[in-house]
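Everything on this sheet refers to the single structure shown next.
Just the heavy atoms: all of them, side chains too, but no hydrogens, waters or symmetry mates, feed the values below. By convention in this document, chain letters (A, B, ...) are assigned in the order of the sequence lines, proteins followed by strands, and residues within each chain are numbered from 1.
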Amino acid sequence: MGRYNPKEAEPHWRERWAAEDSFRTLSANEAGARPKYYVLEMFPYPSGRIHMGHVRNYTMGDVVARFKRAQGFNVLHPMGWDAFGMPAENAAMERGVHPKGWTYDNIAAMREPLKTLGLSIDWSREFATCDPEYYGQEQKLFLELYRRGLAYRREGVVNWDPVDMTVLANEQVIDGRGWRSGAVVEKRKLTQWFLRITHYADDLIEGLKTLDRWPDKVRLMQENWIGRSQGLRLSFKVTGGAPAEFEAIDVYTTRPDTLYGASFIGVAPDHPLAQTLAADRPELAEFIVKCRQGGASEADIEAGEKLGFDTGVTVAHPFDPSWRLPVYVANFILMDYGTGAIFGCPAHDQRDLDFARKYGLKVMPVVLPSGADPVSFSVGDEAYTGPGRLFNSQFLDGLTVEEGKRAAIAKVEAAGQGQGATVYRLRDWGVSRQRYWGCPIPIIHCTACGPTPVPEKDLPVLLPDDVAFDKPGNPLLRHPTWRFTTCPTCAGPAERETDTFDTFVDSSWYFARFANPRAEQPVDRTAADYWLPVDQYIGGVEHAVLHLLYARFLTRALADDGLLDVKEPFAGLFTQGMVTHETYRATCDGRWVAPDEIEQKDGTTVLIETGEAVEVCGVEKMSKSKKNVVAPEDIFDQYGVDAARLFVLSDSPPERDVQWSASGVEGAWRLIQRIWAEFDAQPVEPPATVEMSEDCVALRRASHRLAQQVTDGLDNFRFNLAVARMHEMMSVLRAHPATGASPGQLAARHEALSILARVISPFMPHLAESCWERLGCEGLVVDAPWPKPDPALLTQDVAVLAVQINGKRRAEIRAPNEADDAAIEAIALGDDDVQRHLQGLTVRKVIVVKGRIVNIVAG
RNA sequence: GCCGCCUUAGCUCAGUGGUAGAGCGCAUCCUUGGUAAGGCUGAGGUCGACAGUUCAAUCCUGUCAGGCGGCACCA
């Protein structure tokens with residue numbers, strides 16, 4: 001008799017698993033008839049320490065991996081490192097350490113606690129994206145895309161941080177300033193490398209329909225991000241005021257039905273017409289500059305004031321050559337969407353209406369809501385965007401909005417003035433970063449030959465180690481020898497591309513590399529065909545769009561190259577919630593206080609050291625700035641890793657946030673001790689008989705039901721429900737104690753415990769091994785097959801039914817399972833309580849729901 | 001502004017078209033040779049508001065309120 005001591009047991013079992021090589025992935029040949037199962041968690045950035053979010057993420061993946069393994073699958077469950085990126089360079093600038101050393105040290109520091117967590121990972125497949133073996137293969141992939149025209153170079157507008165001298169991603173610009181330097185970010189035109197993701201825009205939307213094991217929310221976010229819209233591209237002929245080269249202005253619209261309500265044409269400040277006119281009209285040039293400044297700042301977007309400049313140019317209406325429309329340059333029109341020009345229909349578009357009111361343009365309604373009077377209907381300050389019938393619209397009169405769209409498109413197409421078109425919000429993916437710590441783009445720039453791919457024999461293009469971070473900017477630009485080279489084509493003097501890839505490129509194909517991480521080619525086609533797609537991918541919802549969209553795109557690109565056989569990399573996706581914690585701040589000076597600095601005393605919260613009062617603030621994501629962080633290592637140390645694993649799985653459903661608390665982890669600890677106590681109470685020698693006594697049928701039903709319920713919970717990602725069922729099982733076991741039990745009863749307990757040990761093993765793998773061993777079972781529980789419940793024990797012979805009278809519960813009856821509706825009705829109507837409640841009433845109807853309830857309608 | 005999610009016990013949250021649940025907290029009691037304790041019992045809920053569908057709604061539908069997230073001048 002003794003308490004379970006995780007400090008001794010946990011390291012012991014990890015050593016056993018390592019010694020037995022329990023988690024080695026089998027090759028396709030070795031696996032034989034076992035089906036494959038690929039479970040992957042989004043790989044971590046090696047910041048140097050693990051946090052509770054990691055614990056939750058990797059525990060969930062581990063639960064799935066262990067469960068599938070027990071069910072007889074050949075499981076691939078690998079781990080790697082998303083190791084390129086800015087923090088390494090920041091560390092280099094702030095502390096003078098080399099990004100490479102810093103990164104590999106961090107990886108080493110994080111690998112240990114992850115191993116401590118007892119994850120069933122095949123560590124032989126580990127790699128980091130900053131390994132030359134990995135990024136060299138990435139360079140090969142890029143050159144393949146380049147050859148196929150899926151990678152190209154063009155000028156693009158970027159966020160430029162003038163202090164750090166680098167491009168920033170949109171999410172690194174906060175209120176128009178660089179997140180690190182605080183400098184006002186400039187819009188700069190820079191020649192950049194792009195990947196042609198827009199080539200797959202349609203297929204990326206269509207593919208979402210096949211992803212039935214993805215959260216609807218994520219599919220919706222991707223669909224919105226790609227932003228497909230159907231409409232019409234059409235020309236307005238210029239009738240005066242523009243230079244000769246502008247014969248017509250092309251606009252894009254999703255509302256061709258409202259063409260008769262047009263009252264102006266608007267073009268973006270960056271539109272070629274605006275730019276050309278501005279060359280000899282200073283007032284227009286000034287206006288354009290003003291528009292650009294407004295671009296980034298949130299105040300302007302908030303205000304949303306519509307500004308325009310009348311160019312004096314006029315165009316003809318496509319349906320009526322004598323109808324003239326003025327052309328404005330307007331601040332709310334975007335150059336990189338559609339054609340950068342619109343026709344304004346103020347009555348049926350709010351932005352156009354705001355604009356028209358400001359500049360005194362005509363507002364002519366052409367869609368009449370049903371029931372409105374065509375003579376008096378007018379639009380005030382709110383545009384009408386709903387359904388209705390067209391009017392004031394010549395040949396379109398009387399049509400619905402949808403019919404009108406089709407008719408207008410047909411007419412425009414017949415007249416050769418335009419064409420129906422599909423337009424996307426998605427833009428090509430700019431992958432150039434002016435940084436050192438990333439995968440070098442394998443291109444050599446030659447003044448004679450232009451951009452030239454580095455020949456395959458010269459790959460990988462290695463990052464030079466001898467770089468200095470004493471000055472801002474990209475050290476590759478200042479490197480004396482690395483940058484300058486000779487052209488592979490003409491052997492003349494040439495320069496290397498000094499930009500490196502966006503780190504999202506690294507993470508867009510790593511899942512395919514895991515199939516065979518040491519392959520000579522980027523992807524081992526045979527291994528990838530066996531393992532892909534990933535059956536279950538698990539990660540944070542913050543990657544719902546970018547990472548997951550990029551990976552889907554690159555998978556398609558590689559499939560078109562013949563490097564992969566799947567279009568969708570992740571058949572199942574699960575997005576887990578965050579780990580949160582209460583926050584605390586000292587009442588006197590408002591500074592944030594860590595959870596281990598406080599204690600609860602007599603209903604108040606105080607600082608342990610000084611006793612001063614502490615205010616308990618909101619529950620928020622664990623973060624250093626709020627100091628509401630609990631270090632996983634401290635929990636491992638105090639309660640063991642199984643308690644930490646159990647807690648992050650128990651309280652909330654996995655997709656929701658879970659609130660970490662000291663009392664919660666105490667609860668997890670107690671469950672572990674309770675489970676152990678039941679095993680510990682069982683006699684050491686196996687039961688003398690295999691005949692289980694009849695009076696144990698309740699226990700047997702409970703344990704078989706437990707197997708069924710935990711299986712269901714795991715199949716549906718309801719880990720918290722599975723844990724709740726384990727709690728319930730403990731009450732049942734307590735009602736059937738080992739003390740004083742007959743041999744038959746002990747046999748039933750033995751069966752229950754053997755099921756329990758196996759179903760807890762994905763959640764608390766170390767405890768499960770100790771329990772399995774204590775029970776005297778053969779081998780390791782990780783190698784034991786998943787329990788299969790006996791269907792006969794999952795049903796009840798007698799059902800307990802509630803009886804409702806007029807919707808209110810009035811009685812409870814027992815009926816044999818095989819009783820038919822009439823028999824149940826008779827039992828219900830014969831019940832004393834029911835009779836009492838029916839006094840003075842006439843029974844009008846009786847509804848019998850088998851196994852559930854009887855409802856009597858009476859009046 | 002558009003889209004989505006959430007609102008159930010003091011707290012954190014499960015759950016179901018048909019008898020309202022868990023953990024923590026609280027109260028009472030037992031145990032103090034399972035002791036960095038363990039256990040019994042119990043109190044506590046108009047399931048956000050209103051309307052509709054239904055024999056029956058916490059659950060389905062609609063409207064509203066409050067909270068959270070994503071996108072945002074995308075024509």
How long is the line joining [atom1] of [X] and [atom2] of [N], in whole Å?
| X | N | atom1 | atom2 | answer |
| --- | --- | --- | --- | --- |
| A:E542 | B:C71 | CD | P | 12 Å |
| A:D657 | B:G67 | CG | P | 18 Å |
| A:D352 | B:G1 | CG | P | 19 Å |
| A:F332 | B:A72 | CZ | C1' | 15 Å |
| A:N720 | B:G21 | CG | C1' | 13 Å |

- Task: Answer with base, sugar-phosphate or nothing: what part of the nucleic acid does A:L334 contact at a heavy-atom distance below 4.0 Å?
- Result: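 Base: the residue A:L334, judged by heavy atoms under 4.0 Å, touches a nucleobase.
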- Message: Please classify the nucleic acid contact of A:R427 as base, sugar-phosphate, or nothing, using heavy-atom distances under 4.0 Å.
- Response: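 Base contact - A:R427 has a heavy atom under 4.0 Å of at least one base atom.
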In terms of the angle between their ring planes, are [X] and [Y] parallel, tilted or perpendicular, with boundaries placed at 30° and 60°?
| X | Y | answer |
| --- | --- | --- |
| A:Y328 | A:Y359 | tilted |
| A:H581 | A:Y584 | perpendicular |
| A:Y550 | A:W429 | parallel |
| A:H317 | A:F236 | perpendicular |
| A:Y337 | A:Y252 | perpendicular |

- Task: Spell out protein contact along nucleotides 53-64 of chain B as letters: B when the base is contacted, S when just the sugar-phosphate is, - when no protein heavy atom is under 4.0 Å; keep the 5' to 3' order.
- Result: --BS--------
- Message: One character per nucleotide, please: for nucleotides 36-42 of chain B, 5' to 3', B when the base has a protein heavy atom closer than 4.0 Å, S when only the sugar-phosphate does, - otherwise.
- Response: BSSSS--
Among the nucleotides [options], which one has an atom lying closest to any side-chain atom of [X]?
| X | options | result |
| --- | --- | --- |
| A:R718 | B:A14, B:C71, B:A75 | B:A14 |
| A:T253 | B:A75, B:A14, B:G23 | B:A75 |
| A:I853 | B:A72, B:A75, B:G18 | B:G18 |

- Residues in side chain to side chain donor-acceptor pair (under 3.5 Å) with A:T711, at least two apart?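 Checked A:T711 against side chain to side chain donor-acceptor pair (under 3.5 Å); matches are A:W786.
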- Syn or anti conformation of B:G34, syn meaning chi within 90° of 0: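 Syn for B:G34; the angle stays within 90° of 0.
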- Message: B:A75, OP1 or OP2 - any side-chain N/O from A:Y337 closer than 4.0 Å?
- Response: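 Result: yes.
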- Message: Let me spell it out: for each of A:I333 and A:A677, pick the nucleotide of RNA chain B with the closest heavy atom. Which residue's pick is nearer the 5' end?
- Response: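 Nearest-nucleotide comparison on RNA chain B picks A:A677.
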- For A:R725, enumerate each residue passing the salt bridge (charged side-chain N to carboxylate O under 4.0 Å, His left out) test, keeping only those at least two apart in sequence or located in another chain.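 Counting only residues at least two positions away or on another chain, A:R725 forms a salt bridge (charged side-chain N to carboxylate O under 4.0 Å, His left out) with A:E728.
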- For A:R427, enumerate each residue passing the salt bridge (charged side-chain N to carboxylate O under 4.0 Å, His left out) test, keeping only those at least two apart in sequence or located in another chain.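 If we apply the salt bridge (charged side-chain N to carboxylate O under 4.0 Å, His left out) test to A:R427, skipping adjacent residues, the hits are A:D336.
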- Message: Give me the distance, rounded to whole Å, that separates B:A22 from B:C3 when you measure between the C1' atoms they each carry.
- Response: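 After rounding to an integer number of Å, I get 34 Å for this pair.
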- Task: Using the test side-chain contact (heavy atoms from CB on, under 4.5 Å), find all partners of A:A644 that sit at least two apart in sequence or belong to another chain.
- Result: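 In terms of side-chain contact (heavy atoms from CB on, under 4.5 Å), with neighbours along the sequence ignored, A:A644 is linked to A:I635, A:F636.
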- Set of side-chain contact (heavy atoms from CB on, under 4.5 Å) partners for A:E825, sequence neighbours left out: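 Only A:L829, A:V846, A:V848 meet the side-chain contact (heavy atoms from CB on, under 4.5 Å) criterion with A:E825.
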- Message: Run the ring pair (Phe, Tyr, Trp, His ring centres under 6.0 Å) test against A:Y424 and tell me which residues pass, sequence neighbours left out.
- Response: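 For A:Y424 there are no ring pair (Phe, Tyr, Trp, His ring centres under 6.0 Å) partners, ignoring immediate neighbours.
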- Task: Output every pair passing salt bridge (Lys or Arg N to Asp or Glu O under 4.0 Å) with a member in residues 655-671 of chain A, not counting sequence neighbours, ordered by first then second residue.
- Result: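 Not a single pair qualifies under salt bridge (Lys or Arg N to Asp or Glu O under 4.0 Å).
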- Message: Does anything in residues 253-265 of chain A form a salt bridge (Lys or Arg N to Asp or Glu O under 4.0 Å)? List the pairs, not counting sequence neighbours.
- Response: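 Checked against salt bridge (Lys or Arg N to Asp or Glu O under 4.0 Å) - neighbours excluded - the pairs reaching residues 253-265 of chain A are A:R255-A:D257.
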Considering only nitrogen or oxygen atoms on both sides, find all protein atoms under 3.5 Å from nucleotides 2-10 of chain B and state each distance.
none

- Given pairs defined as Watson-Crick or G-U wobble with both distances under 3.5 Å, what dot-bracket annotation applies to RNA chain B, with ( ) intrastrand, [ ] crossing, | other strand and . unpaired? (((((((..((((....[..)))).((.((.......)).)).....(((((..]....))))))))))))....
